Each structure stands twice: as C-alpha cells, then as structure tokens.
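The model shown is predicted, which means the values in this text are computed figures rather than measured ones.
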Amino acid sequence: MRTEVCETFGIEFPLFAFSHCRDVVAAVTNAGGMGVLGAVAYTPDRLEEELRWIDAHVGGRPYGVDVLVPARIDESAERAGRGEGGLETMLAAVPREHWEFLFGLFERYGVPLPDFEKAKRGHSRGGTQVTREGAAELIEVSLSHPIRLIASALGTPPPLMVDRAKERGVPVAALVGTAEHARRQAAAGVDLIVAQGGEAGGHTGEISTMVLVPEVVDEVAPLPVLAAGGVATGRQMAAAMALGASGVWCGSVWLTTEEAETPPPVKAKLLAATSRDTVRSRSRTGKPARQLRSAWTDEWEGPGSPGALGMPLQMIIAEGAMRQINKVAETGNPGARELANYFVGQVVGQMNAVRPARRVVHDMIEEFAGAVARLNAITGGD
C-alpha cells in the first residue's frame, strides 16, 4: 500500500495501533503497521522501562508514543505539577465528599475496600504527569528513544513537544474532534492529524467519523490525515480512505487481542457488548471519555453522585478504585463485575472474538483488499 503515511514512516500498511499495552504495540509494528504506546499518567521511570522493552522487541521497526498533554486541568493539580505542594496539594484538592461517595459505592456493591491511602498516593504521582510540566518529562524520555512519531492526545501540543521533536526529526501527530481543532493543530506545526470521531473510545468529541474526516481533510490539506473512531475492519478502513484519509488510527480493536493486558472480566464484558453499550462519561478521567457502560458510570452520573472532578483529580479517585474493582472481579465477585469497565468505542459490537494482534492486522488488510475489489467492480476499474 502506497499512501503518504506509508512512505513517511516506512510501514507496509497505513494502520496505526494505539494501545497502552507494549505487547500490542510491538506485535502491530512487527506485522507491518505502526504501534503507538499510550503513555497516559506514566511516570518517567515507567515509560523508560516500557520503551526499552519495545526497542528490544521491534528490531528497529517504527513505533510511536502518545503523551497526554491536556490544554486545561484542575488548578491545584497544575500547582502540584510545578512543585507547589506536590502530592499533598493534589490529594488535598479532592473533596472529602468524593471519597465518601466512593467508599459508599464499594459498600453497596460488596467490594472490599483497598488500601486507599496507598492508592491515592500512587495515582497522585501518576496524576502529576497529566500537567504540562509532567508531560515535558515524558516527552524527553520518549525522544531519547528511536521513536518515529510522538502524538498529543488532548489539545494543541505545547511548543516544547513540537520543537524537541523537530530537532530530532520525529513527526508530531495530534488528535482532533473538529475542523477548528485541526486548523489550530496545523498552525502549531504538527505533521499529522488524527481526525477522531465521537464513536471512538476514550476522550472524544461529538462529531461522527463519517462527517469529521472529510471536513478535516479539506481543512488541513496537504497535511496527511488519519481516520479514527469506529475503525476495526478492512471495510471501515476502505471507507476511511475513500473519505480522503491517508491511513487509520485504531484503539478499541486491540483490547480483545491475545496480547492485550485487559483484565479478564473486562475483556469478557467487551466480547459480549453491543454497539449500544458505551457511554461518554467524565467518571474515569474528569473529561468526557467514551467507555463501556457499567454500574460505575451509572452511579457517577446518578442523582446521589457529587459529580466528577476535573482532570486529573478524578483520575486519582477512579484509577485506584478501578484497579481494586478489576482485581476483585477476577474472583467472581458480582458487584465488582457490575462496576468494572474500560475505555472503548462503539465498534465494541464487532469485537466478538479473541485473536492475536498480528491476525487482526492481516484480517483488516485482506478485507480492505476485498472492499477495494468490490468498488473497482462497480466502476469497471482493474
């Protein structure tokens, strides 16, 4: 396949795989696509460890890193990121009523309480990375490795990311949910735009992929655009290319692969879910993020909830709790299974089998070829 992104990155297929799992990143890269490691709330040491492992398993083939650099976060978290009070400042910013709501949630669903003090402090450390100062450390770690792409997951990438990446000859990508966002990203100097429709998993806007992609393609031409949101098959890949995309960016489809670190109870829920079983909710990160609907999302959106906090304070509450929920769910605890969820897009309805990541890549390309052949037959092309 000879698209602009294939030529730029030296990949066989214009298929970018976003995953928090290093095994998936390596498997897709080795299969001819390009794996992109999601480094959300990693500490610099943890990211260094993950990237060293990937370096050792891809044999010099191209891969990338996605760093979360939100344009706006909670003010107290920003102060903690600048060292003004550090962890204690961030922890103190979480209202007591939110902890009490969480404790009550565990009690109602019969889930044993974890060591919340340990969990709070652990996730506060991760939370400090979701600041511009914290992200700067992750950017430096990423660019010290032979990555071929660095992406900004939320908002316009800071000048630091663009300048450092260009110094090292590494293209910069940015995810957008509107044509206006894409215009700002292009002005900031990014090299690749990922147009992510509202049906995607994780942080998304509300415009669908079918509408968004051609709008963004026209807005930023000649910059290449990847289509994201609702892409898990070769037919969807062909549709994205027909809309003007130079490739696709996929995330959800890797969650049910053999390599994925998805907790077994969550993977089982994903395999059984339909396309109607997701919801955009602030209950995991503090920003609207599409995820599997569960008792967790229902409770945080319900009448007794104090409401989600801003990013990253909600992450401090949610991620430590969800780690315990997933652990207990593996023992068969029914309440924990009701609460368990994860970020996933509406395409979850098509994720009904566990396959190796390499097979997912090859199946998509084979189906893509079939879709193109059907179109050629319609138009009388070769």
Within the 3.5 Å criterion, strictly below it, is a donor on [X] or [Y] matched to an acceptor on the partner's side chain?
{"X": "Thr209", "Y": "Glu199", "result": "yes"}
{"X": "Asn30", "Y": "Arg61", "result": "yes"}
{"X": "Tyr63", "Y": "Asp55", "result": "yes"}
{"X": "Ser275", "Y": "Gln346", "result": "no"}
{"X": "Glu48", "Y": "His145", "result": "yes"}
{"X": "Gln350", "Y": "Gln236", "result": "yes"}
{"X": "Ser281", "Y": "Glu301", "result": "yes"}

Side-chain ion pair, [X] and [Y], N-O less than 4.0 Å:
{"X": "Asp277", "Y": "Lys269", "value": "no"}
{"X": "Glu258", "Y": "Arg359", "value": "no"}
{"X": "Glu180", "Y": "Arg184", "value": "no"}

Quick one: does any side-chain atom of Thr379 pair with a main-chain N or O of Leu375 as donor and acceptor, under 3.5 Å?
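It does hold such a pair.
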Any side-chain to backbone donor/acceptor pair from Gln185 onto Ile193? Under 3.5 Å, distance only.
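Answer holds: no.
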[atom1]/[X]: more than 12 non-hydrogen atoms of other groups inside 6.0 Å:
{"X": "Arg293", "atom1": "CZ", "result": "no"}
{"X": "Lys267", "atom1": "NZ", "result": "yes"}
{"X": "Met210", "atom1": "CE", "result": "no"}

Could you check whether Phe16 and Phe9 have their ring centres less than 6.0 Å apart?
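Yes, they do, as the ring centres are separated by less than 6.0 Å.
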Sorted by first residue and then second, give each salt bridge (charged side-chain N to carboxylate O under 4.0 Å, His left out) pair with at least one member in residues 13-33; sequence neighbours left out.
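Listed once each, the pairs are Arg22-Glu50.
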Only pairs at least two apart or in different chains count here, so list each salt bridge (charged side-chain N to carboxylate O under 4.0 Å, His left out) that has a residue in residues 94-109.
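Those involving residues 94-109 are Arg96-Glu100, Arg108-Glu299.
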Evaluate ring pair (Phe, Tyr, Trp, His ring centres under 6.0 Å) for Phe101 paired with Trp300, printing each intermediate quantity in order.
CA-CA 9 Å; Phe101 176 77; Trp300 277 98; 4.8 Å; yes
Quiz item: cation-pi between Arg290 and Phe343, 6.0 Å / 45°
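Arg290 over Phe343 ring: no.
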